[in-house]
Amino acid sequence: MELIVTEKDNAARRIAEILSGDSASTDRQNGVNVYRWGGTRCVGLSGHVVGVDFPPEYADWRDVQPVELVDADVVKTPTQENIVRTLKQLAADASTVTIATDYDREGELIGKEAYELVREETDAPIDRVRFSSITENEVREAFSNPDELDFDLAAAGEARQVIDLLWGAALTRFLSLSAKQLGEDFISVGRVQSPTLKLIVDREREIQAFDPEDYWELFAELQKDDVGFEAQYFYEDEDGNEAERVWNEADATEAFEQLRGARDAIVESVRRRSRTDEPPNPFNTTQYISAASSLGMSAQKAMSVAEELYTAGYITYPRTDNTVYPDDLDPEELLSAFTQHYLFGEDAESLLTAEAIEPTAGDEETTDHPPIHPTGEIPSKEDLSEDEWEIFELVVRHFFATVAEPAEWEHLKVVADANGCLLKANGKRLVEPGYHEVYPYRSTAENHLPDVAEGELLGIDDARIEAKQTQPPRRRGQSRLIEELESRGLGTKSTRHHTIEKLYDRGYIEGDPPRPTKLAMAVVEAAEKFADRIVDEEMTAQLEADMKAIADGEKGYEAVTDESREILEAIFQELHDSREEIGEHLRTSMKADRTLGPCPECGESLLIRRSRRGSYFVGCDGFPDCRYTLPLPNNGEPTVIDETCEEHGLKQVKMLAGRSTYVHGCPQCKADEADEAEDEIIGACPECGDEHGGELAIKTLRNGSRLVGCTRYPECEYSLPLPRRGEIEVTDESCDEHGLPHLLVTDGEDDDDPWELGCPICNYAEYRERQTATEIEDLDGVGAKTAEKLAAAGIESLDDLRNADVASVAAEVQGISEDRLREWQAQANAGAVAE
DNA sequence: GCAAGGTC
């Protein structure tokens, strides 16, 4: 039997289709797809199926000195046991094995991992094929000219794995131990995440150190006949450049007086030029994320939607660095796939009428995957969620744009002299819309100026002066950060968005655009002082150079990893004496991130704390001497924001709970409001009204939540949730079914359009129903398609998922692994706790 | 429980 091993199931299926001429059948073995035709079997891995780690005796952080990790062994253990078992079973019966993992460094290493697993079972020959896209020609060509595994290239990847583990684990443990943070709030550092964090911290330092400068700008309205247009004052600076900002007030006032005295303005010059506006290059991952972000999608969301569309077969693989379409992509053919479509048809037809179709191309041509483009298979809009359709359309239109004509703009610059003051006005007009006709994501705003000629006299009106200040540099948004990481060679197409997400999870950044926490500033400071390499992007550059040397056979794996161990060892010698100091610095900063302000009872600080049961509350730093506390809401993670409550001098609290993130405000105010609020009785309790006379009342709790609850609480726990915000009004209307009055919620901002909540029992029932309908799709990486598949397997709500037998669901649903399901199950359970 | 890199 001949065995073919690919990097992922999707690749295995497509290769099987090509090589078998569509005759392959699918078996499930240990829950893994195995494609079979004739005497051939083809199986897909799931990326790395083994992982590197320390031997078990290093597992306990308290028993092992972090420095001991520097010289510890590193062992490989299976992480995807079902796949490893299947691979070995297949290998035992194989007469030849072909490794067909992705054509890049990590693919070579994944191939070597498969090689070693196969070698445990058989001496059969193992060869390697390489192809840059899974198309009939490329695949057939590759399989008719098999090559050998490149062990040097794989060793380069192994060196990276080991160095990342040693540095990451040893320094992470050191920092966590020194700050006595061993639980889930450990303090992590790594070769990629820490320079990324430093990038964010450095920008924050620039902002903090920024000293604004005053300047003035002058404007006037020029008029030709009845048409007015704005013009701006400018002058020639010392370097002979055109400048608009006047840097001292006296000059500005003088120029303004002069401008104000102008009766008219004479046109000095009119310059027209045309500018070509080139269509975008094919999408790599970074550019795709960036485009999706201008549609308001986070990097994480953009990637999970793209993965959905990819697994469903509508777009190509979404993780790629490539910005050049492969030769075998026939743009005409792909366009033809859209000509019959009710939405895309017209655009596709018009693009096909061009004389020659020449796609744009970027600078990066790689061998792993083609740029992201539609496959030609078109989903119906109803089958996709809104986000999925939006992204599908983006990818289709982006492909259209890459084969469309450039646009042409006409720029017009008018310079006029007004009483000795020079004024300029810029106009632009889109002469040839070109690719904009099929790609509506970029601005085509025009600025029309009237037709004026040199020497013409124009009216002048409305001269004004504006005092301004220079602004600090802006924080980078997520997609801007990812672009920055790419340009600095940090991380990879598949990891950059995870890196950012990790910084959020670790409590290093908050908000959007991300801002560093005090802890992040302290971690970067500590690292800069004692282990500069870990926050320096140079470490990646050096590693890349070493990996290249290993791949080229110029350096050995041992030499590179030994050298790295020595450097790390030296760092630990430095760190040794500063442990206390570093720990203290980190702890102080962490506390600062959680501090609200003075305790009203004792004057110490009020902090966000966590009870032993895991719920958050506000407690005094003077505990146990001072036992002052305030409650917090029980959904989400509290975080301190900059706004301060003037009455209590406490910073406000924001609750991070994914989609339902909200500002809780000052916890003291919330508690006071609840203490003052009177319960308002609205009817009998449906649980205990008949028997015990319990009544339902609208209640406000000290943690800010409101509910309809029984007056016999805690004997009777019947309750219905109410919204946190807005004024609740009890109306005269009542519910036929439950006998309770209808409620009206008036939000301060939107007085005219109150929310008719209705009967609280009916409202809650409807709310639950809506929840169930969308909750599955709220899980990471689940889109409409996957939700549909899960529903077909009987999983329609989070409750279903919590109670599901993962193994049997995985066996029933194609393309969803047990691991994935387990992750979702964990998310569903975490959600249950948060509720 | 640590990293970063695959994949889902």
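In what follows, chains are A, B, ... by sequence order, proteins preceding strands, each numbered from 1. Side chains are part of it too, since the values below use all heavy atoms of this structure and drop only hydrogens, waters and symmetry mates.
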Residues which pass side chain to side chain donor-acceptor pair (under 3.5 Å) with A:N10, listed by chain and number, not counting sequence neighbours: A:R13

Touch class at under 4.0 angstrom, heavy-atom based, for A:Y317 against every strand present: sugar-phosphate

N or O in side chain of A:S188 less than 4.0 angstrom from B:dA3 OP1/OP2: yes

salt_bridge(A:D147, A:R128) N-O dist < 4.0 Å: no

By side chain to side chain donor-acceptor pair (under 3.5 Å) - contacts of A:T320 (at least two apart): none

Touch class at under 4.0 angstrom, heavy-atom based, for A:R105 against every strand present: nothing

Pairing residues for A:H369 by the ring-ring contact (aromatic ring centres under 6.0 Å, His included) criterion, not counting sequence neighbours: A:Y317

A:R506 vs B:dA3: side-chain N/O to OP1/OP2 distance below 4.0 Å: yes

5' priority, DNA chain B, between A:V49 and A:A170 [closest heavy atom]: A:A170

Whole-Å gap separating C1' (B:dC2) and CG (A:L166): 11 Å

Any A:Q161 side-chain N or O less than 4.0 Å from OP1/OP2 of B:dA3: no

Listed partners of A:Y504 passing ring-ring contact (aromatic ring centres under 6.0 Å, His included), at least two apart: none

Protein-nucleotide distance (A:L503, atom CG; B:dA4, atom P), rounded to Å: 9 Å

Polar side-chain contact A:D9-B:dC8 base: donor and acceptor under 3.5 Å: no

Contacts of A:D552 that satisfy side chain to side chain donor-acceptor pair (under 3.5 Å) - sequence neighbours left out: A:K548

B:dA4 phosphate, OP1 or OP2, under 4.0 Å from A:Q193 side-chain N/O: yes

Sugar-phosphate only, base, or nothing, as touched by A:D102 at under 4.0 Å among non-hydrogen atoms: sugar-phosphate

Any A:R319 side-chain N or O less than 4.0 Å from OP1/OP2 of B:dT7: yes

Side chain of A:T495 (C-beta onward), nearest among B:dC8, B:dG5, B:dA3: B:dG5

Sugar-phosphate only, base, or nothing, as touched by A:W167 at under 4.0 Å among non-hydrogen atoms: nothing

Selected nucleotide, minimal atom distance to A:L165 side chain, candidates B:dT7, B:dG6, B:dA3: B:dA3

Check: A:P371 and A:N284 side chains under 4.5 Å, non-hydrogen atoms: no

Residues A:D104, A:K493; criterion salt bridge (Lys or Arg N to Asp or Glu O under 4.0 Å); working and verdict: CA-CA 12 Å; A:D104 56 18; A:K493 63 213 174 195; 3.5 Å; yes

5′-ward residue of the pair A:H498/A:G183 relative to DNA chain B: A:G183

A:I110 CD1 to B:dA4 C1', straight-line distance once rounded to whole Å: 12 Å

Nucleic acid contacts of residues 483-494 of chain A, taken as heavy-atom distances under 4.0 Å to DNA chain B: A:G491, A:T492, A:S494

Integer-rounded Å distance: B:dG5 P and A:K502 NZ: 8 Å

Sugar-phosphate, base or nothing in reach of A:R191, heavy atoms under 4.0 Å: sugar-phosphate

Rounded distance in Å - CD1 (A:I187) to C1' (B:dA3): 16 Å

Separation of atom CD1 in A:I83 from atom P in B:dT7, rounded to whole Å: 12 Å

Atom pair distance, as rounded to whole Å: CG in A:L175 and P in B:dA3: 11 Å

Gap between atoms CD and C1', on A:Q300 and B:dT7 respectively (whole Å): 14 Å

